[in-house]
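Because only heavy atoms are used, hydrogens play no part in the values below, and waters and symmetry mates are left out as well, while side chains stay in. Along the sequence shown, residues are numbered consecutively beginning with 1.
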Amino acid sequence: DDPHTTFLTRRNLAAVWANLRAAGAPRLILVMVAASLEYELPHLREAVPGAEITTVRLRASEMTLLERLQHREVGSGLEYHRRRSVEQATLMAREENRDGVLIVDTTAKSVPAVAREVLRGVGW
């Protein structure tokens with residue numbers, strides 16, 4: 001009754017955060033695909049109560065997404081991932097004007113360059 005493992009993921013996140021917090025971790029960086037922040041944020045707030053959540057959307061051109069998939073995906077799943085990535089990017093683009101969301105375009109940027117831009121954007 002949890003086809004997208006939303007509730008399992010929330011329970012796991014709550015347990016991981018409790019353990020990290022007990023060990024003294026001051027923050028948590030969670031990486032995920034969230035097509036709908038309206039849907040995902042309440043689950044995150046429940047799993048990490050009292051958290052100050054900063055949302056960062058990494059965006060790339062469709063051509064870049066498809067190129068990256070070509071290098072990453074092998075086998076029969078490539079076409080599925082191509083369709084799904086474009087679909088997800090379209091859904092996420094609809095929420096880009098949401099207040100408090102940092103948008104970072106990753107097209108033609110290295111991973112370290114994107115990381116620096118994200119860290120600057122969130123004030124770290």
Side-chain angles (χ1 to χ4, degrees):
D1 63 338
D2 189 13
H4 301 290
T5 66
T6 301
F7 301 108
L8 175 62
T9 300
R10 186 179 61 216
R11 287 191 310 271
N12 286 343
L13 177 58
V16 167
W17 176 240
N19 289 330
L20 288 170
R21 196 72 177 142
R27 63 179 55 100
L28 171 71
I29 298 174
L30 177 63
V31 179
M32 63 187 287
V33 175
S36 170
L37 292 175
E38 186 176 330
Y39 177 79
E40 298 291 349
L41 286 175
H43 295 289
L44 296 175
R45 286 189 177 99
E46 187 175 322
V48 186
E52 180 181 319
I53 297 175
T54 302
T55 304
V56 179
R57 289 264 194 210
L58 301 181
R59 173 180 56 198
S61 70
E62 185 174 318
M63 186 171 84
T64 298
L65 287 174
L66 297 176
E67 281 177 10
R68 289 174 180 167
L69 281 169
Q70 187 71 34
H71 294 290
R72 187 184 78 211
E73 297 296 330
V74 295
S76 61
L78 177 60
E79 284 309 310
Y80 166 80
H81 288 290
R82 290 172 58 94
R83 284 190 308 277
R84 186 69 177 142
S85 292
V86 170
E87 177 184 300
Q88 289 282 25
T90 301
L91 289 171
M92 289 188 285
R94 292 181 188 156
E95 292 195 350
E96 285 190 356
N97 293 326
R98 185 182 178 113
D99 288 338
V101 177
L102 172 64
I103 307 296
V104 176
D105 193 321
T106 67
T107 303
K109 293 180 183 170
S110 68
V111 171
V114 170
R116 284 190 298 275
E117 190 171 339
V118 168
L119 293 174
R120 272 194 311 274
V122 299
W124 291 355

With clusters defined by side-chain heavy atoms of hydrophobic residues (ILVMFWY) lying less than 4.5 Å apart, directly or transitively, does [Y] cluster with [X]?
X	Y	result
Leu28	Leu37	yes
Leu65	Leu91	no
Leu8	Trp17	no
Leu58	Trp124	yes
Tyr39	Val33	no

Any side-chain heavy atom of [X] within less than 4.5 Å of one from [Y]?
X	Y	result
Ile103	Asp105	no
Glu40	Ser36	no
Thr5	Asn12	no
Arg27	Glu52	no
His43	Thr9	no
Leu20	Val16	yes
Val104	Val56	yes

Worksheet item: Would you find more than 12 non-hydrogen atoms of other residues, nucleotides or ligands less than 6.0 Å from Glu62 atom CD?
Response: no
Worksheet item: Just wondering, more than 12 heavy atoms not from Met32 lying within 6.0 Å of its CE?
Response: yes
Restricting to non-hydrogen atoms, name the atom on [X] and the atom on [Y] that form the minimum distance, rounded to 0.1 Å.
X	Y	answer
Leu13	Ala47	CD2-CB, 3.8 Å
Leu41	Ile53	CD2-CG2, 3.9 Å
Gly121	Leu102	CA-CD2, 3.7 Å
Thr107	Ala60	OG1-CA, 3.3 Å

Going from [atom1] on [X] to [atom2] on [Y], what distance comes out if it is rounded to the nearest 0.5 angstrom?
X	Y	atom1	atom2	result
Ser110	Arg116	OG	CZ	5.5 Å
Leu66	His81	CG	NE2	13.0 Å
Leu78	Arg83	CG	CZ	9.5 Å

Verify, without hydrogens or angle tests, whether [X] (side chain) and [Y] (backbone) share a donor-acceptor contact under 3.5 angstrom.
X	Y	answer
Arg45	Pro49	no
Ser61	Thr64	yes
Arg57	Ala34	yes

Discussion item. Just to verify, which of Glu117, Arg68, Arg59 counts as forming a side-chain hydrogen bond (donor to acceptor under 3.5 Å, both in side chains) with Thr106?
Written reply: Arg68
